[in-house]
Amino acid sequence: MSDVTTSGSSSPDTSRRSGERPDKPAPSVFALSMAVGVVVFTVVTVVATDFSLAGIIEDLSRPNSSFQGLLNLDWSQVTNPRALAAFVETVQMAVVGTIIGGFAALPLALWASRVGAPNAAVMWTAKTFNNIVRAIPDVLWALLFVAMVGIGVLPGILALIFFSIAVTSKLTSDVLDGIDMGPVEAARAAGSSHTQMLRTSIVPQILPSYVSFLLYNFELNLRASAVLGLVGAGGIGQLIDFYRGARAWPQVWGIIVLFLIVTIVVEQISVMLRRRLV
Amino acid sequence: MSAPDRRPTGQDPGRSGSPRRPDDVAQHVDDMLRPERPMEVFRWVVTAVVLGLLAWGLSADIRWNRLVGAIPEFLNIMWLMFKDPDWSALPGLLDAMWESIAIAWLGTVLATIVAIPLSFLAAENLVPKPVSVLTRQVFNVLRAIPELILAVAFIPVFGLNARTGVMAIAVGSVGTLGKLCYEIIEGLDTGPIEASDAVGASGIQRLRWGVLPQVMPELASFAMYRFEVNIRASAVLGVVGAGGIGTLLSQYISFKVWDRAGLALVVVILATIVVDAISGRIRRRIVAGPGGTLHMTTIDPEALDAAQALAPEEQPGAPA
Amino acid sequence: MIRFSNASVTYPGGVSAMKDLDLTIGQGEFVVIVGLSGAGKSTLIRAVNGLVPLTGGSLEVETADGREGRRTHEVVGLSGRALRDLRAEIGMIFQGFNLVKRTSVLNNVLMGRLNLVATWRTLLGMYPKADVEIAMRALERVEIVDKAYVRAANLSGGQQQRVGIARALAQEPSIILADEPVASLDPPTSHAVMRYLQQINQELGITTIVNLHFLDLATAYADRIIGLRDGELVFDGPGTDADDDVFRDIYGRSLTADDVLGDDDETPAAPADAASPHGAGTWQAGEAGSPQAPA
């Protein structure tokens, strides 16, 4: 941490003119304790994970199937029908998850905010629900749903729905803090109900941002749905898991390359669309 | 409402009106004809597209019959999880969660250490264009690969242990931290740097007094935020064997040992929320500075995420 | 009819914005409230529709509910559906216009019908024809119906306030409250807006209460002027009785140039906010007091 307290270094002549010298402020306690804390914590974690740089270097210098697979990348995966079909499934999962989850996120974000909640009880409930949902990683959702409904695309969709709720409601909550309260007052003064007020005075203000978040959410879902398959929730992840099990590393990397291509293309399109929104 | 007729008339006599000439009146009426309702094609197209996408998405090979039983199944599992938790599993779970936290922390620290020098290679104001472009693409690629997949690829290299997890997190985070770093470098206020040159500071001193004070708070704040994100990733790395609570989680859930799975779930959720809270406070303290003595452009990483989601590429940011 | 009886408002923190007010305003009156900032004008106006609750005393508001005839409501203690129904009878116009900038003028005016339109219709944006008709007529009355489908953000200040008036009119109210409606507008536009309010009051019989801090506007348009100082009523009389001495008394200080709006030119005429929002140059030679609509 940088210590920005520099004082008392002026020449004697000038300070005589300005009166009493202030005491040099103590170095920021916070910055110091942070620096110490970081170092200590890092050391502790090194021990806890049994980590050693030497070990890493040693591992890297040994030949291993994974890196060899990377060097012998199976480019045919990029056009392989099986891989592409799995990818279509991945995209479908991401689409459904974004639409349903993103849609559900709007009322949840509204109800968790001071201005959007009809009363304190609703706000508390929505906030708690949101906090819990946001603390669960996407893979964990997938694990749970696989246990509930079996493997396949369905648990993946369900997992992405909840993941989308987490992502979109978080982003939407943030923009809710900055809205113009004027129309809200006008709606109240005209005798509208709470829901009508939300629809006419608040939603139009946040709509462009909200749509932008949905697009961003879709990008994240695409990344996530590739991974969910590793636990059986469908899509490209299941294919990766298959090849991994068969130790067919060139194929694994080939699929990762395909994944990168699709993700980057989608990201560019999304960036283009989002720019035009806001 | 009992009010006098409010039909609009061509004339509006006002306070001291004298009626206008007939031509004026006709003109006035024409001017005030109601406009036609616009077609709103855009709205309908968008709705159609969204519904179409939804239908296409749902056309995947979904076993719908499993969905029917899902809700009672869900309630059943909730019940099994929490009615009588197996507390004996708690120490093991806390241990494993601690390992996940350690993995996330170490991975973030490593990524920061590696990203800083690398980001100099990506700064357009420091290196020739081809070099910076290449480095940025490397960052982009690393950002795009999910940590879990990196873990899968690293297991043959580093083994089924926490080390693999650390490497997966580290490699995954180098991309986003590197991006933030080079954007900070490019946006540096050259004033303090010139000033330190002017007083004859050496290279390192210039770094220490010219560059670091501007950069450290932002960087530290962002690294802490990355740590919070990485907790979620590291918690699940164990699913493929890369250490942490993920192993226990996936075992308990797959084998339907619900009285332990519920506990594991609660441990993960609580640990995540607690780490978020502590890290969040530290971040805000960093950004605010001790008594506000630091002057800098502050970047709140959560706002960055939102900015990334809104107007991407212009802002430094990271996908969550 | 609006009747304050021993009404008080004390904000948390101890600030007393209304002290034992006794005031009766009859149906159809055009009342202007003047006073320094913080004198209690805003509090008084917002008490009428319950946006600011009384902490003491009582307030009766009589409305003409179309089908049910006249009803008197006691505002203190009103909540939920009953409060919303009362507010639907009272239109409000704001200094900042309070329009939803991203949406059309018509959608903004339709907000005045919210209390009577089913929620599901509001959610889908499918308002009944009859309500759209009322909204259109309100827009015609303020002579801006040609902009019905224009985005509110694309209008000038004066135009936006006219939409605000239309929104209030669309409620078919018994009372209209206007909180500093012209504070953000230039002189010609301010006069135009005041004229609309005056016409509406005279032609439709709607009780109108306006907060103003421009004293010349107050004397020009008010039937009755109410002066507040430190939350107390210090003047209540016809507009003609209010001269500079009276205002000095209400303000508790001598008057400055800021207290007066200023001339809108010798030929008081066009709102002139068609070509340029600040009205330069497009005067239409018309009769005194007739707002001629720009194309």
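Residue numbers begin at 1 in each chain, while the letters A, B, ... track the order of the sequences.
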Atom [atom1] of [X] and atom [atom2] of [Y]: how far apart are they, to the nearest 0.5 Å?
X	Y	atom1	atom2	value
Leu83(C)	Arg188(A)	CG	CZ	8.0 Å
Ser201(A)	Leu99(C)	OG	CG	11.0 Å
Arg84(C)	His194(A)	CZ	NE2	10.5 Å

The side-chain contact (heavy atoms from CB on, under 4.5 Å) partner of Thr200(A) among Leu123(C), Val100(C), Leu110(C), Leu114(C) is Leu114(C)
For the CZ atom on Phe103(A), are there more than 12 heavy atoms of other groups (residues, nucleotides or ligands in this structure) within a distance under 6.0 Å? no
Of all of Met92(C), Arg81(C), Met111(C), which one pairs up most often with chain A through heavy atoms under 4.5 Å apart?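 The option with the most such pairs is Met111(C).
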Region of Ala152(C) that comes under 4.5 Å of a non-hydrogen atom in chain A: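 Looking at Ala152(C), nothing touches chain A.
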Where on Arg113(C) is there a heavy atom nearer than 4.5 Å to chain A: the side chain, the backbone, both, or neither?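 For Arg113(C), neither part sits under 4.5 Å from chain A.
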How close do Asn115(C) and Gly191(A) get, heavy atom to heavy atom, and via which atoms?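 For Asn115(C) and Gly191(A), the tightest heavy-atom pair comes out as ND2-O, 2.8 Å.
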Could you pull out the closest heavy-atom pair between Gln171(C) and Ala190(A), with the gap in Å?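 Result for this residue pair: OE1-CB, 3.5 Å.
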Quick one: does Glu185(A)'s side chain get under 4.5 Å of Asn98(C)'s, heavy atoms only?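 They are in side-chain contact.
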Under 3.5 Å donor-acceptor, Gln196(A) side chain and Val117(C) backbone: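 Yes, the answer is positive, given that a donor and an acceptor are paired below the 3.5 Å cut-off.
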